Novice: 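My questions all concern the structure below.
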Amino acid sequence: QVQLVESGGGLVQPGGSLRLSCAASRSIFNIMAWYRQAPGKQRELVASISYGRSTRYADSVKGRFTISRDNAKNTVYLQMDSLKPEDTAVYYCKVDSYPTDIWGRGTQVTVSS
């Protein structure tokens, strides 16, 4: 069973930037994605990327966030720029898998002055 470890979260001021990383314990050929869950809200897709680097973004982050992956390092990244208070959430890494998707434990991102 592959394991995912997220890092890079923290406290940042509005307008600032953070880069999240998610390292997998072995090679991943499936879609990798970032989700987030704010207090009292459902978990939502932020961005996803295929092995061939096709990407998809939530409308709320388009133009501000960039997802990328380094297949040699089994790692997916989320570069977050122009952060807003509404981006505050726990960010989770996910790998599409059968029969059950694989999730990381999450990393907290707080955007506040």
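Given the structure is predicted, the values throughout are model-derived calculations rather than measurements. If you read the sequence from its start, that first residue is 1, and numbering goes on from there.
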Novice: If you link I, L, V, M, F, W and Y whenever their side-chain heavy atoms are under 4.5 Å apart, who else ends up in the same group as Y51?
Specialist: F29
Novice: Going by ring pair (Phe, Tyr, Trp, His ring centres under 6.0 Å), name the residues that satisfy it together with Y57, two or more places apart in sequence or in a different chain.
Specialist: none
Novice: For I31 and S48, work out which heavy atoms get closest and say how close.
Specialist: CG2-CB, 4.0 Å
Novice: Is a side-chain N or O of S113 found less than 3.5 angstrom from the main chain of Q13, in a donor-acceptor match?
Specialist: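 Between the backbone of Q13 and the side chain of S113 there is no qualifying donor-acceptor contact (under 3.5 Å).
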Novice: Which residue pairs pass the salt bridge (charged side-chain N to carboxylate O under 4.0 Å, His left out) test with at least one member in residues 46-66, sequence neighbours excluded?
Specialist: D59-K62, R64-D87
Novice: Name all residues meeting the side-chain hydrogen bond (donor to acceptor under 3.5 Å, both in side chains) criterion together with S50; count only those two or more places apart in sequence or in a different chain, and write none if there are none.
Specialist: none
Novice: What salt bridge (charged side-chain N to carboxylate O under 4.0 Å, His left out) pairs are there with at least one residue in residues 88-109, not counting sequence neighbours?
Specialist: K94-D96, K94-D101
Novice: Sequence neighbours left out, what passes side chain to side chain contact (heavy atoms under 4.5 Å, CB included) with S25? Give chain and number order.
Specialist: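 V2, Q3.
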Novice: In the single-linkage hydrophobic clustering (I, L, V, M, F, W, Y; side-chain heavy atoms under 4.5 Å), do V90 and L20 co-cluster?
Specialist: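 No: no chain of side-chain contacts under 4.5 Å links V90 to L20.
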Novice: Just distance, no hydrogens or angles: give the donor-acceptor pairs under 3.5 Å from side chains in residues 73-80, sequence neighbours left out.
Specialist:
from : atom 1 : to  : atom 2 : distance (Å)
T75  : OG1    : K73 : O      : 2.8
Q79  : NE2    : D81 : OD1    : 2.9

Novice: Surrounding CD of Q42 (heavy atoms of other residues, nucleotides or ligands, distance under 6.0 Å), is the total greater than 12?
Specialist: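 Open.
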Novice: Any ring-ring contact (aromatic ring centres under 6.0 Å, His included) pairs touching residues 80-107, not counting sequence neighbours?
Specialist: Y35-W103
Novice: With sequence neighbours excluded, give me every disulfide bond (SG atoms under 2.5 Å apart) pair touching residues 5-37.
Specialist: C22-C93
Novice: List for me each residue that meets side chain to side chain contact (heavy atoms under 4.5 Å, CB included) alongside S60, sequence neighbours excluded, and say none if there are none.
Specialist: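 S60 satisfies side chain to side chain contact (heavy atoms under 4.5 Å, CB included) with R36, A58 once adjacent residues are dropped.
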Novice: How close do G16 and V12 get, heavy atom to heavy atom, and via which atoms?
Specialist: CA-CG2, 3.8 Å
